[in-house]
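In what follows, chains are A, B, ... by sequence order, proteins preceding strands, each numbered from 1. Below, each value reflects all heavy atoms present in this structure, side chains not excepted, and no hydrogens, waters or symmetry copies.
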Number of protein chains: 2
Amino acid sequence: MFTIMLICLQSRLGVRKIQKNGDALDRNLSTRAMVEMTSTWDALEDVFSMHFARYGLSSAKFNALIRLYMTGDRGLTQSELGKKMLVSRANITGLIERLEKEDLVVRGADPSDKRVFRVCLTDRAVMLMNAFLPAHNNFMHKVMSAFDRHEKEVFIALLEKLKKGLESV
Amino acid sequence: MFTIMLICLQSRLGVRKIQKNGDALDRNLSTRAMVEMTSTWDALEDVFSMHFARYGLSSAKFNALIRLYMTGDRGLTQSELGKKMLVSRANITGLIERLEKEDLVVRGADPSDKRVFRVCLTDRAVMLMNAFLPAHNNFMHKVMSAFDRHEKEVFIALLEKLKKGLESV
DNA sequence: CTAAGACTGTTAATATGTTTACAATAATGT
DNA sequence: ACATTATTGTAAACATATTAACAGTCTTAG
């Protein structure tokens, strides 16, 4: 996404003129927080991409497989899957096609509703996930090992607060 | 990206068995931190997408325009622009084409190197940026207004620490 | 029961990114 | 001077996402 936001532009933009007891400092901190959030996310994407690739996965594929894995034998319709993944129905069509080509999912007709397909994991996909999930868990733990327990708690609380604040932006 | 990581899977995976004085708690906190980071980023993407759209921009377009805006009249070659934006050369070709269609950039031949184009902002783009940048600054400030000054400082420090730790993952 | 409306999956057009391969041009070492 | 090497922009193939429009299929109000 918007890799770097914009830094060091406050002075050009005349923000200095409206400076009143620390207002400019606050704005600068806001910008720095956004820049740091962006570059940290970029770095996270990089390491997770490599991690997924070691198992022939990607974030999109993992996102689909984990929903199906947690659902069980009945599977999900494409529409349901899209809602859980927070992506559009149209996107699911292609994603499922690619997973089908890799023999990771199968699509079965639903006798009670001719509009829909029920998507299920193959045995191969279940085995893949059984191998991947513990590794994934370890990986997330390793990624967060820069933090001690207290720092993790503070980090989580701040992220929750930030996300909550976005509702009113 | 990988919208949700995986939560509540520790018990199924037998992590409980290796629990030793809080190990499982630490792993759980790592997962929660990653989940919270992901969903907060998703929420940020949403509000920023809308913010960019109000000015006919997107994160990719803004990313290109801000580099050119900060460079001045000589402009950048496509290759230089790609390096600053941290995207591939191939991606720049299409991005510049779209910006050219919108009359936001022009590509001029470089007399001293026949391989390259020099990409520059149009007057229209400069006017757009002059209007957008103060609004962008305000917007980032608004997004971060959930935090007081101290929280911003802590948030920045934690993100820096996390990013630094990723170098050794 | 039927007409109206809602929902499903697909398609097409588009945006954004990648890798790989290529031809044109530049730079360099001997 | 010339052969090798490096760099540049483009193109093709692909992955991932969106919105809009469509044709079937269900549901529901009357």
Open item on the list: Take a 6.0 Å sphere around CG of A/Asp148 and say whether it holds more than 12 heavy atoms from other residues, nucleotides or ligands.
Closed with: yes

Is there a path of hydrophobic side-chain contacts, each under 4.5 Å between heavy atoms of I/L/V/M/F/W/Y residues, joining [Y] to [X]?
X	Y	result
B/Leu44	B/Leu57	yes
A/Leu76	A/Phe117	no
A/Phe62	B/Met37	yes

Counting heavy atoms from C-beta on, name the nucleotide in [options] closest to the side chain of [X].
X	options	answer
B/Thr93	C/dT10, D/dG9, D/dT18	D/dG9
A/Thr77	C/dG9, C/dG17, D/dT18	C/dG9
B/Gln78	D/dT19, C/dT16, D/dT10	D/dT10
B/Ala90	C/dG9, C/dT16, C/dT19	C/dT19

Between [X] ([atom1]) and [N] ([atom2]), how many Å, whole number?
X	N	atom1	atom2	value
B/Glu100	D/dG9	CD	C1'	13 Å
A/Arg98	C/dT10	CZ	P	13 Å
B/Glu97	C/dA13	CD	C1'	16 Å
A/Leu81	C/dT10	CG	C1'	16 Å
A/Leu76	C/dT8	CG	P	13 Å
B/Leu95	C/dT14	CG	C1'	14 Å
A/Glu45	C/dT18	CD	C1'	13 Å
B/Phe62	C/dG17	CZ	P	14 Å

Task: Side-chain donor/acceptor of B/Arg118 to backbone N/O of B/Arg74, under 3.5 Å - done: yes

- [ ] Give me the ring orientation class for A/Phe139 and A/His51: parallel if the planes are under 30° apart, tilted from 30 to 60°, perpendicular past 60°.
- [x] parallel

Enumerate donor-acceptor pairs with a distance under 3.5 Å from any side-chain N or O in residues 94-108 of chain B to protein atoms, sequence neighbours excluded.
from, atom 1, to, atom 2, distance (Å)
B/Glu102, OE2, B/Lys61, NZ, 2.5
B/Arg107, NH1, B/Gln78, OE1, 2.9

Between [X] and [N], is there a side-chain N or O to OP1/OP2 distance below 4.0 Å?
X	N	answer
B/Ser79	D/dT7	no
A/Ser88	D/dA17	no
B/Ser58	C/dA15	no

Open item on the list: Need to verify one output field. Residue with the more 5' nearest nucleotide on DNA chain D, A/Lys61 or B/Lys83?
Closed with: B/Lys83

Open item on the list: Using a strict heavy-atom distance below 4.0 Å, which residues from residues 102-114 of chain A are in contact with DNA chain D?
Closed with: A/Asp113, A/Lys114

Open item on the list: Distance criterion of 3.5 Å, no angle test: do you see the side chain of A/Arg115 paired donor-to-acceptor with the base of C/dC7?
Closed with: yes

Task: Donor-acceptor pair present, B/Arg89 side chain and D/dG9 base, under 3.5 Å - done: yes

Task: Test applied, ring-ring contact (aromatic ring centres under 6.0 Å, His included); reference residue, B/His136; option that passes from B/Phe52, B/Tyr55, B/Tyr69 - done: B/Phe52

